[in-house]
Each structure stands twice: as structure tokens, then as C-alpha cells.
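Working notes, beginning with the structure itself.
Residue numbering restarts at 1 for every chain, and letters A, B, ... go by the order of the sequence lines. No experiment lies behind these values; they were computed from the predicted model shown.
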Amino acid sequence: MRTSQFPLSTLKETPTEAEIISHQLMLRAGMIRRLASGLYTWTPLGLRVLRKVERVVRDEMDGIGALELLMPAVQPAELWQESGRWQKYGPELLRVKDRHHREFCVGPTHEEVITDYTRRELKSYRQLPLCYYQVQTKFRDEIRPRFGVMRAREFIMKDAYSFHADVASLKATYQAMFDAYSRIFTRLGLKFRAVEADTGSIGGNGSHEFHVLADSGEDAIAYATQGDYAANVEMAPTFPAGTPRPAATALMTRVATPHAKTIDEVAAQLNLPAHRVLKTLLVRGRAVPAVAVVLRGDHELNDIKAAKHPLIADPFEFVAPAEAIALTGANVGSIGPVGLSIPVIADYAAADCANFACGANEDGWHLVGVNWERDVPLPETADLRNAVEGDPAPNGMGTLAIVRGIEVGHVFQLGSTYSAAMKCEFLDEQGKPATAIMGCYGIGVSRIVAAAIEQNHDTNGIVWPVPLAPFELAIVPINGHRAPAVQAEAERLEAVFTGLGYSVLLEDRGLRPGVAFADMELIGIPLRIVVSERGLAAGEYETRLRWERENHAVAAADLLAWVQGKLSG
RNA sequence: CGGAGUGUAGCGCAGUCUGGUAGCGCACCUGGUUUGGGACCAGGUGGUCGUAGGUUCAAAUCCUAUCACUCCGACCA
């Protein structure tokens, strides 16, 4: 391909709409153009990268025996009503009516369609297991699309679904999928982590998310400093210290804390660190109007864990501030466990505190030197907070560290949620009807492109991992339009490398070298070969790897081997 | 949906307070000089100032409504 024949519409300046680096660079490199909020056109350049991702994904899916099919993007409401999700899904589901006023949705996912397809085809356990996948455009009417294709409304996803006669078969396919995902992200050259994930409202057992590690990620991942434990922070359990509480050395005393509302304000007035101040939050109870949850001041309530607690309402909800006064006699900010008449649950870490401060259940007053058992009965304890950096790791090895990640894949043992609701059945070995067990497995194909840029860029632009690059090789002749020998040599190299199966972009716009280099760097071509009169005279080429800062002088005879060595790795 | 903000040429912006009929940089076109890290000179194309009303002799500018977009929050495979 030659630059004169290929639309490179690079921008020197960053459009204001782009907030994160991958979005900025995708716009500047001319990979995407916005059509409306959350809707993007992939340019020829951008599409080349997208296709590279798809190629690797397809290759690995085919490799584990998954079968590609293609389902409609638009789906009839009836299927969603059958699964119950027509009601559950909410406004994120784009619903449309056709000319006959029949209801449809633009598919955000395809569990219903695949289950419907399979129940029509599936007769016997002998057909199982089955595993299908597709690469398809999905639509989710996100409340707030942002970050370009990272969180777009329309996006491309690889979704796979498996059907099984028993759990053992499901687990085997789940493991094969898990391994295939690991190979995909490895092949794409991305730093990633598989983490244990919340199974959310869908239910089911095993679930892992695959995250590309990047500071701009929307998810927090907790991982063990030793061993390979990793989980979404919302999933990482915390534990009691397991050592005796420090001795009660202080006397419980009432202290005025005028106008102190937040933990920081209270801690400052009392001259105590935040972890010595306990906070008391009122949440809706399952059987009672309110339950008090006590946490260390420096910890955050985890509402997923809270909603799973038998005393706490699911879904989780805070008690309205006005109600708090009636229940405790004090406003939010001055509530504490001492003398409360509603049920109290203490987080493990809060229960391990001694000589702590807490609200006095009277506005403007706190208690200091408080101790469990001596001053207030030790309530029921539970894991109710988000794990933080330095917490003991759940695998018993080292402590937790926290990094940010971009979720690019999710594998999920669905169970029979959809197959039961939609009666996806088969005859088992005894000739009895049985319900299929399902797994589902997604990869955010378009999101991977953005995630890869978040992880691979520098001040000059994108630094594609070789497997993702829109072109592997850039050939830049210096003053080719004035030096026929240079131009001829550049074209010869183009033909040679193209013939060897490399994707080559030849710069033939007659630009000044600086402009040509800047463009090739912005769009992230991994390897650049410069052809010049100087080089020809010396019998060598100047090459540069995108992730390096120095040029290499490569003798003409060695060029082929050099390129092959760099691009095969 | 709540809060904040922005809409002026393809992109980045000034002009709005104080009304007088639209400008700068980049990009683009023509000619010339240049050519190893985003050149220079000269000339040029391109905007119903988001949209619709209103006030006024006169509106990018003041008023009203409306739309779009961005950010923060709630929400979320």
C-alpha cells in the first residue's frame, strides 16, 4: 500500500472531545470518526487494526472447536419476554417497533437468540457439548458513552455460548475458553490479568474477567503480591485480623465535635488518624427498616457484599438522612454503635479496633476511647468493605496490591438460567428430558483496540504491538521524488516485503522527512526502513523500531533477515 | 435523570461583558523557493456564528425557547 493511495488523515491537534489517551490518539491517527454520541465510523486504517484483533480471536476460537455463526442484530421482543429480560434490562436495551408495531430490540447480547436456535436443533445428549461463537455489532444504550470506542454504545463483540449435558462438561469447556482467552491476549501482545468476578444479577457459578492493565481503567483489580490470586476489588474478601484486639487502655469520654460531618473533619478535630475513627452507616434491613453498619473511617462500604448479608436488604439501599434522626437521635455524621437500638453489624476490621472514636448519637458530639465489649457489646461481624492495598491476600500468600484494568473479556458459567426459562432441553442417556447447561464467553473486540493503545503509546503516538499493527513495515524514501534511484529502491523493497507476506506502507507523497516520520510514528507502524542516497551509497538502510529511540544501520545484505527477526518475535 | 460547561471554517481557538455585519493558527488549493524530524514567500478556497423566535435602524454579541455535545454523579456486560 502506498500513502498516496491510502487515506491517512492525521491531526496535529487533539480534538477537545477526547478525554483519554487512546481516544485522542485514535482520532489523531485517523482510525475512527464520531458520527453521534457513542457511534463511530472505523476508517480504513482503524479497520485494519480491528480486523487484526478479530483474526486472532477467530483463530483461537476455531482452535478449541467453537463454531462460528452469525445471528441477527435485531431481535424480537418475544424472546426477551420469555427469558424475563424484557422487563429486567431497563433503558440500556434499545427497543424499536417495526411497521406493524411489533416490538424488537437491538441486541446488547445474544443469549436469547442462541438459546432459541439451539433448542430447535438440540434433540439428544449425543449432540453435546456444543459451542458457538460470532463476531458481531452490539448495541447498549449506555447512560454516558465516553472514551471513544472504549465505552461506545455500538461496539463489536465476540460472543460465544456453550451447551452441555452436565456440569463437568461445562467446566471443561470453560477451562478451554479460559485458556484460549489467555492465549488471545498474550498473542495480541497485551499485559493482562484474569480475575475472579462477580456473577452479578445473572447468577451462576464461576466467572472470570480478563483485564488489560492500564491506569485509565474503569475497574480496580486486587491481586496477591505472591501467587496468582486476582479478583475484581468488589469481589476480594477481607478477613478478621485473627490476633487479639489491643487492650482497652483509654476511658470512654464524650467530646464536642461541632460542625464535624465527615470522617476527615472528625479525625482532624479529635487529632486521630482516620483508621481510629469508626463510621456508622444506616442501610435498609431485609426484615427491619434499618441496620447500622460499622466500618473503619478509612474503609469503604462494599454494597455487593452488604446486599449478600442476611440482615441487609437486597438490593442494597442507604436509609434516607431524614430517617436517620428518628432512628438514632442524631444526623448522619454523629451516629455511633454505643446505645443504638437497631441491629448493628461491624466490619471485621472495625471489630478489631480498640480505643476508637465514634459518633455519640447526638449532633456535634463524638465518643473517644471506646472499646468493644467494655463499652458496647461486640455486634455480629462480617466482611462488608472493599479490600485495600496491603490487606492480607485471600490465597494466604503475601498481601493485596491494587491496579486498574480495562475489562476486555468475560467468561461465565451460566448454568441453566436461560435454558430453563426458554426450555432448551434434550433427551439424556436414560431417554429422559433434561435441561441444557450453558456457558457464555465475551470479548470486547473494539474495546481491545483502545485498550491496546492505552497500554502502548508514547509522546509521538501509538506504538502497536506487531500483531495489531495496521501495517507492519513503513518504507520512507528520503527525497524519493528527486532521486530516482532512491525511489526505485523503495519500490523494490515494497515489492519484496509484500511478496513475503508483510503488510507494507510505502511513503510516496513527497513529504519532507520530518512530516513523513511523524505520520508513521503517530499511526504506530512497528518497523521503519529509511531509504536515502546516503544509505544507498554506503550499501545500507537506516531502520528504526517504533518502541526504540535509536536508528539501526543495516547492511543491504542483512535487511531481510533483520526484518524477519524483528517481526516474527 | 441531577449538577457544571461548551456550541464561531475540517481541527484548535479569539471575538460575546461594552450590538455596527466575522478573525487567528493548523489543514486544504495555486505558483515559486525548499527537502534527514511537523519549511518559507505570495496568492486563494471555505463559516445562514447549533437551531427557532424576539428586542433593535442594526444581533456571533442582548432576551426566550429548543437541540447537540463534553465533564462530574447516579447506573452498567
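Base pairing of B:U21: no nucleotide in any strand meets the Watson-Crick or G-U wobble criterion (both distances under 3.5 Å). Pair assignment for B:U30: B:A42, on the basis of Watson-Crick or G-U wobble contacts that are both within less than 3.5 Å. Pair check for B:A68 finds B:U6; Watson-Crick or G-U wobble, both atom distances under 3.5 Å. Here B:U48 sits opposite no nucleotide as a Watson-Crick or G-U wobble pair (both hydrogen-bonding atom distances under 3.5 Å). Pair check for B:U35 finds none; no Watson-Crick or G-U wobble contact set falls under 3.5 Å. Across the strands present, B:C76 finds no partner; the criterion is a Watson-Crick or G-U wobble pair with both atom distances under 3.5 angstrom. If you check B:U56 for Watson-Crick or wobble pairing at under 3.5 angstrom, you find it has no partner at all.
Distance A:M150 CE to B:C76 C1': 16 Å, rounded to the nearest Å. Rounding to whole angstrom units, CD of residue A:E234 and P of B:A77 are separated by 9 Å. When rounded to the nearest whole Å, the span between CZ of A:F147 and C1' of B:C69 equals 16 Å. The distance between atom CZ of A:R153 and atom C1' of B:A68, rounded to the nearest whole Å, is 12 Å. If you take CH2 of A:W80 and C1' of B:A77, they are 11 Å apart, rounded to a whole angstrom. In this structure, CZ of A:F139 is placed 15 Å from C1' of B:A77, rounded to the nearest angstrom. Distance CG (A:L27) to P (B:G10): 16 Å, rounded to an integer number of Å. Rounded to a whole Å, the CG atom of A:L8 is 13 Å from the P atom of B:C28.
Here the side chain of A:R144 is nearest to one of B:A77, B:C76, B:C72, namely B:C72. Of the candidate nucleotides B:C69, B:C76, B:G73, B:C69 has the atom lying nearest to any side-chain atom of A:R34.
In this pair, A:Y40 and A:H23 present their aromatic rings perpendicular. The plane angle is above 60°, beyond the 30 to 60° band. Ring pair A:H208/A:Y174 is tilted by interplanar angle, where 30° to 60° counts as tilted.
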Quick tally for nucleotides 34-44 of chain B: nucleotides whose base has a protein heavy atom under 4.0 Å get B, sugar-phosphate-only ones S, the rest -, giving BBBBBB-----
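The pair A:E154-A:R140 does not meet the salt-bridge criterion, since no charged nitrogen lies less than 4.0 angstrom from a carboxylate oxygen. With respect to A:D383 and A:K305, a salt bridge is recorded, a charged nitrogen being found less than 4.0 Å from a carboxylate O.
The residue among A:R447 and A:E17 whose nearest nucleotide of RNA chain B lies closer to the 5′ end is A:E17.
At a cut-off of 3.5 Å, with distance as the only test, a side-chain donor of A:Y441 or A:S162 sits close to an acceptor on the other residue. Donor-acceptor pairing under 3.5 Å is lacking for the side chains of A:K279 and A:H299. A side-chain donor-acceptor contact under 3.5 Å links A:Q134 and A:D159. In the model, A:E112 has a side-chain atom that pairs as donor or acceptor with a side-chain atom of A:S83 under 3.5 Å.
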- A:N386 vs A:E234, side-chain hydrogen bond (donor to acceptor under 3.5 Å, both in side chains): CA-CA, chis, key distance, verdict: CA-CA 6 Å; A:N386 286 330; A:E234 59 194 27; over 6 Å; no
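Within the 4.0 Å cut-off from OP1 or OP2 of B:C11, not a single side-chain nitrogen or oxygen of A:T16 is found. Under 4.0 angstrom from either OP1 or OP2 of B:G10 there lies no side-chain N or O belonging to A:R33.
Comparing B:G15 with B:A9, their C1' atoms sit 15 Å apart, to the nearest whole Å. The same atom, P, is picked in B:U45 and in B:C24; the two are 13 Å apart, to the nearest Å. Separation of the P atoms belonging to B:A65 and B:G2 is 16 Å when rounded to the nearest angstrom. A gap of 14 Å separates the P atoms of B:U61 and B:U21, to the nearest Å. Taking atom C1' on both nucleotides, B:G53 is separated from B:G44 by 38 Å, rounded to a whole Å. Nucleotides B:U64 and B:U6, compared at atom P, are 16 Å apart to the nearest Å. Spacing between B:G46 and B:C1 at atom C1', rounded to whole Å, works out to 40 Å. Using C1' as the reference atom, B:A14 and B:U56 are 26 Å apart when rounded to the nearest Å.
Within 4.0 Å of A:T14, counting heavy atoms only, lie sugar-phosphate atoms of the nucleic acid but no base atom. Contact annotation for A:E407: base contact, defined as any heavy-atom pair under 4.0 Å involving a base atom.
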